[in-house]
Undergrad: 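This is the structure I want to talk about, given as structure tokens.
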Amino acid sequence: MAKQQTYIMLKPDTIRRRLIGQIITRIEQKGYQIVQARQMTLNKEIIAEHYSHLTDKPFFPKLEEYMLSGPVFGMIVEGDEVIQGMRTMMGPTDFTKALPGTIRGDFANSTTYNLIHGSDSEETAREEIGRFFG
Ligand code: UDP
Ligand code: MG
């Protein structure tokens, strides 16, 4: 098992809905370590960079508006195989496929407003940690 770090970002609806505590509790219960955390407000430039794989999608304007709608809470989370482990805890992007017990399965009723971001590979984790905590 390889120790990894991943970038987790609680999106604006998580903060608005007062769900930061419940999500952090799940990360702690799992035994992962939060090694850095900070609340921040994003701008268009950093959103376009972070979601560069999606800027030409029809839903991008809605995603951008969402990510600008309030502060986010970014974290570096560490643990064995934490990148895939957090993706499993989050549940899939499509909220209708996110099973109960996952964060999106329990709290999200929209594919856009889905509470949480987690890096999807070692390469994106490195990039995203540099982008938000560099
Ligand atoms: N998204 C959306 N509609 C879609 C797909 C994605 O609004 O059909 C939003 C959603 O907030 C998602 C984000 O774009 O979390 C990034 O998409 P990605 O495919 O990277 O999903 P994730 O890695 O967050 O599961
Ligand atoms: Mg993604």
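Atoms within a ligand are numbered from 1 in the order they appear, just like the ligands themselves. Being a predicted model, the structure only gives us computed values, none of them experimental.
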Undergrad: Do any N/O atoms on Tyr66 end up under 3.5 angstrom from N/O atoms on ligand 1?
TA: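 The answer is no, given that Tyr66 and ligand 1 share no N or O pair closer than 3.5 Å.
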Undergrad: Which residue owns the protein heavy atom closest to atom 5 (C) of ligand 1, what's the atom, and how far is it?
TA: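 Protein heavy atom with the smallest distance to atom 5 (C) of ligand 1: Phe59 CZ, 3.4 Å.
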Undergrad: Taking only non-hydrogen atoms of Met90, do any sit less than 4.0 angstrom from ligand 1?
TA: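 It does not; every heavy atom stays at 4.0 Å or beyond.
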Undergrad: Would you check whether Lys62 reaches within less than 4.0 Å of ligand 1, judged by its heavy atoms?
TA: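 No, that is not the case, since the closest heavy atom of the residue is not under 4.0 Å from the ligand.
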Undergrad: Return the residue, atom name and 0.1 Å-rounded distance of the protein heavy atom closest to atom 17 (O) of ligand 1.
TA: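 Heavy-atom neighbour on the protein nearest atom 17 (O) of ligand 1: Leu54 CD1, 3.3 Å.
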Undergrad: Verify the neighbour count for atom CD of Glu65: are there more than 12 heavy atoms of other residues, nucleotides or ligands below 6.0 Å?
TA: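 Not more than 12 within 6.0 Å, no.
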Undergrad: Starting from Leu54 and following side-chain heavy-atom contacts under 4.5 Å between hydrophobic residues (I, L, V, M, F, W, Y), which residues can be reached?
TA: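 Once heavy-atom contacts under 4.5 Å are chained together, Leu54 belongs with Tyr7, Met9, Val35, Met40, Leu42, Ile46, Ile47, Tyr51, Phe59, Phe60, Leu63, Tyr66, Met67, Leu68, Val72, Ile76, Tyr113, Ile129, Phe132, Phe133.
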Undergrad: Of all the heavy atoms in Glu64, does at least one lie under 4.0 Å from an atom in ligand 1?
TA: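 Glu64: no contact with ligand 1 (<4.0 Å).
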Undergrad: Backbone or side chain, does any N or O of Tyr113 fall under 3.5 Å from an N or O of ligand 1?
TA: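 There is no such contact.
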Undergrad: Heavy-atom contacts under 4.0 Å between Asp120 and ligand 1: side chain, backbone, both, or neither?
TA: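 For Asp120, no heavy atom sits under 4.0 Å from ligand 1.
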Undergrad: Taking only residues two or more places apart in sequence, or in another chain, which ones meet Glu123 in a side-chain contact (heavy atoms from CB on, under 4.5 Å)?
TA: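 Glu123: side-chain contact (heavy atoms from CB on, under 4.5 Å) contacts with Ser121, Arg126, Glu127.
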Undergrad: Give the minimum heavy-atom separation between Ser119 and Glu128, together with the two atoms involved.
TA: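 That would be OG-OE1, 2.7 Å.
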Undergrad: Classify the contact between His50 and ligand 1 as side chain, backbone, both or neither, using a heavy-atom distance cut-off of under 4.0 Å.
TA: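 Neither; nothing of His50 gets under 4.0 Å from ligand 1.
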Undergrad: Flag yes if Met90 and Val77 sit in one hydrophobic cluster, no otherwise; membership is Ile, Leu, Val, Met, Phe, Trp, Tyr, and two members link when side-chain heavy atoms are under 4.5 Å apart.
TA: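 Same hydrophobic cluster.
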Undergrad: Which residue supplies the protein heavy atom nearest to atom 20 (O) of ligand 1, what is that atom called, and how far is it?
TA: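 Result for atom 20 (O) of ligand 1: His53 NE2, 3.1 Å.
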Undergrad: Check if Thr111 has a non-hydrogen atom at a distance under 4.0 Å from any atom of ligand 1.
TA: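 Yes, Thr111 has a heavy atom closer than 4.0 Å to ligand 1.
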Undergrad: Report the part of Arg104 (side chain from C-beta onward, or backbone N, CA, C, O) that has a heavy atom under 4.0 Å from ligand 1; answer both or neither where that applies.
TA: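 It is the side chain that gets close, since no backbone atom is under 4.0 Å.
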Undergrad: Taking all atoms of both residues into account, what is the closest heavy-atom pair of Arg87 and Gly118, and its distance?
TA: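 Between these two residues, the closest heavy atoms are NH1-O, 2.9 Å.
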Undergrad: Answer whether the closest heavy-atom distance between the side chains of Ile103 and Gln22 falls below 4.5 Å.
TA: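 Side-chain contact under 4.5 Å: no.
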Undergrad: Can Phe95 be reached from Met86 by stepping across I, L, V, M, F, W or Y side chains whose heavy atoms are under 4.5 Å apart?
TA: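 No.
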Undergrad: Do Arg26 and Asp106 have side chains that approach each other closer than 4.5 Å (heavy atoms only, starting at C-beta)?
TA: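 Side-chain contact under 4.5 Å: yes.
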Undergrad: Any side-chain heavy atom of Lys11 within less than 4.5 Å of one from Leu115?
TA: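 They are not in contact (no side-chain heavy atoms under 4.5 Å apart), so the answer is no.
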Undergrad: Tell me, please: is Lys57 in heavy-atom contact with ligand 1, that is, under 4.0 Å?
TA: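 Under 4.0 Å: no for Lys57.
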Undergrad: From atom 11 (O) of ligand 1, work out which of Asp94, Asp13, Thr112 has a heavy atom at the shortest distance.
TA: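 Ranked by closest heavy atom to atom 11 (O) of ligand 1, first place is Thr112.
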Undergrad: Using a 3.5 Å cut-off on N or O atoms only, is His117 in polar contact with ligand 1?
TA: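 Such a contact does not occur with ligand 1.
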Undergrad: For atom 9 (C) of ligand 1, what's the nearest protein heavy-atom neighbour? Residue, atom name and distance, please.
TA: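 Here the closest protein heavy atom is Leu63 CD1, 3.8 Å.
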Undergrad: Identify the closest protein heavy atom to atom 12 (C) of ligand 1: which residue and atom is it, and at what distance?
TA: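 Minimum-distance protein heavy atom for atom 12 (C) of ligand 1 reads Asn114 ND2, 3.6 Å.
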Undergrad: So if I apply the side-chain contact (heavy atoms from CB on, under 4.5 Å) rule between Phe73 and each of Ile116, Thr14, Ile23, Leu10, which one comes out positive?
TA: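 Answer to the side-chain contact (heavy atoms from CB on, under 4.5 Å) test with Phe73 among Ile116, Thr14, Ile23, Leu10: Leu10.
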Undergrad: Write down the atom of Pro71, the atom of Ile15, and the distance for their closest heavy-atom approach.
TA: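 For Pro71 versus Ile15, the nearest heavy atoms are O-CD1, 3.1 Å.
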Undergrad: Considering heavy atoms of the protein only, find what lies nearest to atom 23 (O) of ligand 1 and give residue, atom and distance to 0.1 Å.
TA: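 The answer is Arg87 NH1, 2.8 Å.
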Undergrad: I need the atoms of ligand 1 closer than 4.0 Å to a non-hydrogen atom of Thr93, numbered in the order shown.
TA: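 Answer, ordered by atom number: 6 (C), 12 (C), 21 (O), 22 (P), 25 (O).
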